[in-house]
Trainee: 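Mind looking over this structure? Questions follow.
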There are 2 protein chains.
Amino acid sequence: MAKDIQEVNESRANPTRAAAARILVIEDEAALSMLLAYNLEAEGFTVDRVERGDEAEIRLSETIPDLVILDWMLPGVSGLEICRRMRARETTRNLPLIMLTARGEESERVRGLALGADDYVVKPFSVPELMARVHALLRRARPGRSSGVLSAGDLDLDRQNWRVRRAGREVHMGPTEFRLLDHLMGKPGRVFSRAQLLDSVWGISAEIDERTVDVHIGRLRKALSKGAEKDPIRTVRGAGYAFDETFDLIS
Amino acid sequence: MAKDIQEVNESRANPTRAAAARILVIEDEAALSMLLAYNLEAEGFTVDRVERGDEAEIRLSETIPDLVILDWMLPGVSGLEICRRMRARETTRNLPLIMLTARGEESERVRGLALGADDYVVKPFSVPELMARVHALLRRARPGRSSGVLSAGDLDLDRQNWRVRRAGREVHMGPTEFRLLDHLMGKPGRVFSRAQLLDSVWGISAEIDERTVDVHIGRLRKALSKGAEKDPIRTVRGAGYAFDETFDLIS
DNA sequence: CCCGCCCTGTCATCAAGATGTCAAACAGGT
DNA sequence: ACCTGTTTGACATCTTGATGACAGGGCGGG
């Protein structure tokens with residue numbers, strides 16, 4: 001039987017594959033911390049939990065995990081401080097780090113990312129969303145360490161420095177546009193519905209009109225195309241938006 | 001727990017053309033069950049309620065819902081068991097599942113539970129919070145269902161990227177033609193009557209002339225055959241249309 | 001502490017596309 | 001050739017996306 005039409009599936013959850021990675025969750029809110037632990041363990045990870053910044057310090061000097069999930073708001077040593085110290089220390093410098101931030105902490109997030117977070121999730125978030133990011137980060141990080149820079153064609157998005165460059169020139173945009181671009185570039189080619197974008201960029205339970213996404217996409221486009229440059233964002237009528245995966249080939 | 005019945009913003013509730021999703025609530029505590037049903041119905045969902053684990057089994061073998069909300073503490077068959085069986089059965093394997101767990105249950109048993117739940121909420125929870133998760137989960141692309149690539153011969157349909165390529169070249173078509181092709185390619189060779197296509201591509205409640213299908217088939221054909229390429233769609237006089245299962249062998 | 005700039009979310013409006021219907025031309029089978 | 005069911009182009013209408021304007025809120029600078 002020759003080639004049939006076949007469907008290529010991603011398996012539901014792929015708990016296997018890499019040997020169980022160890023994840024450190026630094027989160028003071030007990031319910032959230034447990035929620036994360038259960039789900040991470042359900043996916044086969046080993047989880048360490050600490051509630052305070054100073055505990056985290058100690059734990060990190062004992063065991064080096066494969067990935068860290070860090071809440072920005074922490075009693076004791078702040079998340080920002082943890083992040084900074086992690087990056088300062090040789091042994092933890094390259095650890096994949098996901099920050100949990102509440103909406104409205106944009107400026108804080110900037111500082112956090114500037115200090116080296118690899119990814120961030122807006123609270124409240126959906127568990128599947130976070131899990132996806134954990135897997136993505138673990139998959140990605142290993143080889144040449146996560147540079148923290150997404151690029152395609154003449155476009156570069158630097159998460160560490162919260163900067164976007166087009167053809168060398170720096171491009172200015174608001175936090176929302178930045179996160180939007182970040183998200184789209186994270187999965188080039190993939191079409192996201194407006195609702196999905198609201199979930200992951202604005203945060204689950206953000207009660208915002210879907211049309212608002214259009215406006216921000218528009219602002220993003222305007223920011224990205226100062227001249228007569230090609231638009232890297234593809235509109236899919238009736239479906240949503242996507243970062244054009246053929247973008248770097250063309251430009 | 002907070003049992004005040006609250007309304008939840010419906011802004012981006014169910015703007016989808018697809019008929020309202022059906023949700024199965026498995027919860028023995030009547031008050032909570034009703035609270036959920038009330039709020040879910042207020043958002044336009046169809047709600048099935050059962051109180052016991054064994055009832056759930058039966059219900060699931062009769063009607064497959066689009067999402068399941070399952071309480072951990074159940075009389076009869078436990079929530080864990082329900083969950084496990086759902087995942088074991090082919091028809092329910094990919095069903096989005098939200099677990100309700102109480103704070104005190106966050107022990108060993110619950111961990112196993114997480115093995116298959118897509119998301120869960122710790123009681124007491126706020127209704128809007130749960131609603132947000134329900135929506136988020138329904139929106140979430142189910143790996144294996146709405147994603148993947150269908151291909152046949154020189155034709156590729158990429159659901160994630162929402163793209164169709166013929167002999168490498170991108171082919172443009174409207175959303176309806178896309179869905180139509182998607183549906184036909186899903187069951188190569190199978191003949192669908194116009195009525196069936198209207199149901200699955202346009203939606204159950206579509207009061208549309210059957211002849212309209214012809215027109216869209218025509219548009220689809222035109223889009224797919226820029227040159228003198230073979231037509232992948234077979235017309236079955238008096239019956240309907242089908243994707244030609246011999247297509248890839250010939251082309 | 002106050003002022004002003006920047007970011008945001010929402011609207012109203014405009015433009016581009018997509019859709020459903022019809023009718024006339026066509027094709028297949030008898 | 002005839003009848004029935006199918007293809008196609010035209011077309012009016014409906015949707016959906018793009019855009020500019022605008023008011024409220026927040027943050028930082030003075």
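Chain naming here is simple, since letters A, B, ... match the order of the sequence lines and numbering starts at 1 in each.
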Trainee: Using OP1 and OP2 only, check whether a side-chain N or O of Trp202(A) sits under 4.0 Å from dG9(C).
Mentor: yes

Trainee: Kindly say if Thr212(A) contacts the phosphate of dT10(C), meaning a side-chain N or O under 4.0 Å from OP1 or OP2.
Mentor: yes

Trainee: Taking only nitrogen or oxygen atoms into account, show me every contact under 3.5 Å that the protein makes with nucleotides 5-8 of chain D, one pair per line with its distance.
Mentor:
residue: dG5(D); atom: O4'; partner: Arg237(B); partner atom: NH2; Å: 3.4
residue: dT6(D); atom: OP1; partner: Arg194(B); partner atom: NH2; Å: 3.4
residue: dT6(D); atom: OP1; partner: Gly238(B); partner atom: N; Å: 3.0
residue: dT6(D); atom: OP2; partner: Arg194(B); partner atom: NH2; Å: 3.4
residue: dT6(D); atom: OP2; partner: Arg211(B); partner atom: NH2; Å: 3.2
residue: dT7(D); atom: OP1; partner: Arg221(B); partner atom: NH1; Å: 3.0
residue: dT7(D); atom: OP1; partner: Thr235(B); partner atom: OG1; Å: 2.6
residue: dT7(D); atom: OP2; partner: Tyr241(B); partner atom: OH; Å: 2.6

Trainee: What is the distance, to the nearest angstrom, from the CG atom on Leu180(B) to the P atom on dG20(C)?
Mentor: 11 Å

Trainee: Just the rounded figure in Å: distance from P of dA23(C) to CG of Asp209(B).
Mentor: 11 Å

Trainee: Without decimals, in angstroms, what is the distance between Leu197(B) CG and dG20(C) P?
Mentor: 13 Å

Trainee: Between the base of dG9(C) and the side chain of Arg219(A), is there a donor-acceptor distance below 3.5 Å?
Mentor: yes

Trainee: Can you tell which of Lys230(A), Arg190(A), Arg234(A) makes a salt bridge (Lys or Arg N to Asp or Glu O under 4.0 Å) with Asp244(A)?
Mentor: Lys230(A)

Trainee: Scan side-chain atoms only and decide if Thr235(A) and Arg221(A) contain a donor-acceptor pair under the 3.5 Å cut-off.
Mentor: yes

Trainee: Would a 4.5 Å heavy-atom cut-off, applied to side chains only, mark His183(B) and Leu197(B) as touching?
Mentor: yes

Trainee: What is the distance, rounded to the nearest whole Å, between atom CG of Leu220(A) and atom P of dG17(D)?
Mentor: 17 Å

Trainee: Any idea which of dG9(D), dT21(C), dT10(C) is nearest the Lys222(B) side chain?
Mentor: dG9(D)

Trainee: Rounding to an integer number of Å, can you tell me how far Phe178(A) CZ sits from dT8(C) C1'?
Mentor: 18 Å

Trainee: For the residue pair Thr246(A) / Arg163(B), report whether a side-chain donor-acceptor contact shorter than 3.5 Å exists.
Mentor: no

Trainee: Output the rounded distance in Å from NE2 (His172(B)) to P (dA16(C)).
Mentor: 15 Å

Trainee: Distance-only, no hydrogens or angles: does the Thr92(A) side chain make a donor-acceptor pair with backbone N or O of Met86(A) under 3.5 Å?
Mentor: yes

Trainee: Side-chain contact, heavy-atom cut-off 4.5 Å: Glu129(A) with Ile204(A)?
Mentor: no

Trainee: Please report whether the ring centroid of Trp202(B) lies less than 6.0 Å from that of His216(B).
Mentor: yes

Trainee: So what does Glu177(A) hit on the nucleic acid, given a heavy-atom distance under 4.0 Å: a base, only sugar-phosphate, or nothing?
Mentor: sugar-phosphate

Trainee: Compare all side-chain heavy atoms of Cys83(A) with those of Trp72(A) and state whether any distance is below 4.5 angstrom.
Mentor: no

Trainee: Through what angle, rounded to 10 degrees, does the axis of the helix from dC1(C)-dG30(D) to dT30(C)-dA1(D) turn between its ends, using five pairs per end?
Mentor: 40°

Trainee: Roughly how many Å is it from CD in Glu210(A) to P in dT15(D), rounded to a whole number?
Mentor: 16 Å

Trainee: In whole Å, what is the span from the CZ atom of Arg179(A) to the P atom of dC7(C)?
Mentor: 13 Å

Trainee: Whether the Tyr120(A) and Arg159(A) side chains hold a donor-acceptor pair (N or O, under 3.5 Å, no angle test) is what I'd like checked.
Mentor: no

